[in-house]
Protein chains: 2
Amino acid sequence: MQQKVSIKDIANHVGTSITAVSFVINGKAKEKYISDKLAAKIQKAIDELGYQPNLLARSLRTGKSNIIGFLVDDISKPFFSGLARAIDEKAAVHGYKIIFSSTGNDRERTTEILNIYQERRVDAYVAALAEGLETEIGGLIGGETPVVLFDRYLPGLDADYVLTDNFWSTAAATQHLIDNGFENIAFITIDTRQQQMLDRLRGYSEVIDRSGKKQEVLKIKYQDSEHATQLIKAFLQKHSHLDAVIFAANYLTMDGLKLSRTSDEGLLQSKGVVSFDDFELLEFIRPSITAVEQPIEAIAENIIQLLLKKLAGGATAKTAKPLVINLQAKLNVRQSSKPQNAQT
Amino acid sequence: MQQKVSIKDIANHVGTSITAVSFVINGKAKEKYISDKLAAKIQKAIDELGYQPNLLARSLRTGKSNIIGFLVDDISKPFFSGLARAIDEKAAVHGYKIIFSSTGNDRERTTEILNIYQERRVDAYVAALAEGLETEIGGLIGGETPVVLFDRYLPGLDADYVLTDNFWSTAAATQHLIDNGFENIAFITIDTRQQQMLDRLRGYSEVIDRSGKKQEVLKIKYQDSEHATQLIKAFLQKHSHLDAVIFAANYLTMDGLKLSRTSDEGLLQSKGVVSFDDFELLEFIRPSITAVEQPIEAIAENIIQLLLKKLAGGATAKTAKPLVINLQAKLNVRQSSKPQNAQT
DNA sequence: TTTATTTGCGTAAACGTTTAAGTTATTCGA
DNA sequence: TCGAATAACTTAAACGTTTACGCAAATAAA
């Protein structure tokens, strides 16, 4: 009943043309020489009849859907859903709406989603994709529609990125442990070619080397959680001289923490621990764990700004060389100094 | 370059009318008497030219956007983002896309979002709203566009609901504690008129009464986390005979767990604990905590089914009386029997 | 053979906008 | 006083679909 009042209805009600109505709706009354009197009457009708523009029609006409497609592994992961919220709110300010999808790291699903996005005529893409999906998103990158990638850098893809500075953040975390008196610091990561993991490892390596200490790295060929926990356990048992551990990803931290549920709880209990990626759990866990927190708000803000710039400056932006923005993470220190057998 | 091939292009390429093309696109070739030969030629052109329908145009014409508006407090809450993912995937199967927004429990923001949804001509609404926003969503309920509410029941609103059976679930949890030998079971909730909290309390009360035991209830006037933790602490100290506690909401469980970070860790350590709402943290926390897990998949499935039914059967569905679906939650038992000074 | 159906396809209107290109009436400079 | 500029509107096309009609040819019925 309320849904259906259109520009034409307004025009008829006032006794004018739809053009005039359109102009005042779009705030072009002055510019287009609509008299104040007519403009006022139209505005009155708009309010009284409760007119709401049909964005579908507008989009069809203007060729801009004002929709941004957002694509990640799994939208229910805290990092992604947090970012989704931030981005959604910032986009709303500029009249854009976000649509989300989870690829589940599946190739077919990904092309399917991208297809749907194209059919819905999204104005831009925002995506964090795993390696192996380069070609699917790659096809979009030269095209009409702007693309901004985040979270993970894909070496093959010459695109615009908004990233956490993994090298810097890990270096800072490592330095933090050193500053607090830890001597033998291990780094637990996965065996991969993912750029962000390599950067994290490099951050650790360089700081350790510069300090004259010895690197102690465990690279896990990741199969499943159980398996990883076992490898971590063996590693820690073998290197009993370690007094601190850095986990290079949140799931590794979790796998490590699972040791505390078994009889092996001493293994981590007595050490300084730093987790890459902060999560709620860490506020509660004992021993308390320092964490590298991704700057979600900043990431969201940079993505939106980059996008707006690309959306605004059509051709100019297209010829510009891709931008890689590296944002510094925050180190959430939960316990810093090293008592006898300490934690951080 | 790829973006712009339309029905008309196909028609010109084949040398036929756009009508014919439209028919084969929509699989109405047979029905509309398009010869197999023409249909094949058209199909060939569609594939070769890489035609993608413009869903905006289609929506404008058909009056169906195939978009569902989803509205919650905060999409980054695990329960909501998990549900979002589940619902998104199920909706995709039926050609629907979800758009999400977070109200932040703000009245103005809520009306704003609903306005945007109307402008985008969503086909249906899915929402979980806090009390106080009844009127904003209430205006939609009689209207053209189907509405399904979930998670929280608003007594004033005669709408379709998909809910977790709070009464049943809490009763089951309480019974579980009794069955495992706990004698003095407390219930910690907030002082509110929220229906779901009242139902949970009722579930506890009835089972306790029936068992002949004594009710021990703490109703917190919730201000902030710190304050709640203090009240919980005082309560537990005062009633030292308690051997089990049920927290009526996940944030209460968290506030309770914060006791473990202070010197008062003994207070919960020695007791059986059940949390309403499960969350990742609980898998790691010690003492381990049994939890009531909301059936996310089932909720998503029921929402979609209900929606599809309402979308299909226009007028018939509108006259039907509102449906309230109550889904049973799952009790995730992490430690059940009561040793001397036990946990559950 | 004539008439009625079925088959196969095209014309054109409509969905609700935006906007280029008119049209008329008014003001104005010289 | 008159053409030109300006002010105030309107007409109509276009965006890419779907779909009610219309029309002719082929087939079936009479």
For atom [atom1] of [X] and atom [atom2] of [N], their distance in whole Å:
| X | N | atom1 | atom2 | answer |
| --- | --- | --- | --- | --- |
| B:Ile42 | D:dT17 | CD1 | P | 14 Å |
| A:Leu56 | C:dT17 | CG | C1' | 11 Å |
| B:Lys64 | D:dT19 | NZ | P | 12 Å |
| A:Ile46 | C:dT17 | CD1 | P | 10 Å |
| B:Asn12 | C:dG10 | CG | P | 12 Å |
| A:Lys4 | C:dA14 | NZ | P | 17 Å |
| B:Ile7 | C:dA13 | CD1 | P | 18 Å |
| A:Lys8 | C:dG16 | NZ | P | 8 Å |

Nucleotide by nucleotide, nucleotides 21-28 of chain D touches protein heavy atoms under 4.0 Å in the pattern (B base, S sugar-phosphate only, - none) --------
Identify, with sequence neighbours excluded, every residue that meets side-chain contact (heavy atoms from CB on, under 4.5 Å) alongside [X].
| X | answer |
| --- | --- |
| A:Lys32 | A:Phe23, A:Lys28 |
| B:Leu55 | A:Glu119, A:Arg120, B:Pro53, B:Arg58 |
| A:Asp9 | A:Val5, A:Ser6 |
| B:Asp158 | B:Pro322 |

Exercise for review: Identify, residue by residue, the members of residues 24-33 of chain A with a heavy atom below 4.0 Å from DNA chain C, and return them in order of residue number, or none.
Suggested key: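 By residue number: A:Asn26, A:Lys28.
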Open item on the list: Categorize B:Ser59 for me: base, sugar-phosphate, or nothing, with a 4.0 angstrom heavy-atom threshold over every strand shown.
Closed with: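 No contact.
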Taking salt bridge (Lys or Arg N to Asp or Glu O under 4.0 Å) as the test, write out the residues that go with [X], two or more places apart.
| X | answer |
| --- | --- |
| B:Glu112 | B:Arg109 |
| A:Glu297 | A:Lys90 |
| B:Asp151 | none |

Go nucleotide by nucleotide along DNA chain C from the 5' end; which of B:Ala57 and B:Ile18 gets its closest nucleotide reached first?
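First, find each residue's nearest nucleotide; the 5'-ward one identifies B:Ile18.
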Problem set entry | Residue A:Ser35, side-chain heavy atoms: nucleotide from C:dT17, D:dG16, D:dC9 that is nearest |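 The nucleotide sitting nearest to the side chain is D:dC9.
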- Task: Consider the side chain of A:Leu60, meaning its heavy atoms from C-beta on, and name the nucleotide among D:dT17, C:dT17, D:dC15 that approaches it most closely.
- Result: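 Among the listed nucleotides, the one closest to the side chain of A:Leu60 is D:dC15.
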>> Does B:Thr145 form a side-chain hydrogen bond (donor to acceptor under 3.5 Å, both in side chains) with B:Tyr117? I'd like the steps, not just the answer.
In response: CA-CA 11 Å; B:Thr145 323; B:Tyr117 283 3; over 6 Å; no
request  = Check whether any side-chain nitrogen or oxygen of B:Ser6 sits under 4.0 Å from OP1 or OP2 of D:dC15, and answer yes or no.
outcome  =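 No, B:Ser6 has no side-chain N/O under 4.0 Å of OP1/OP2 on D:dC15.
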Give the intermediate values and the outcome of side-chain contact (heavy atoms from CB on, under 4.5 Å) for residues B:Ile75 and A:Asp88. CA-CA 10 Å; B:Ile75 187 70; A:Asp88 184 61; over 6 Å; no
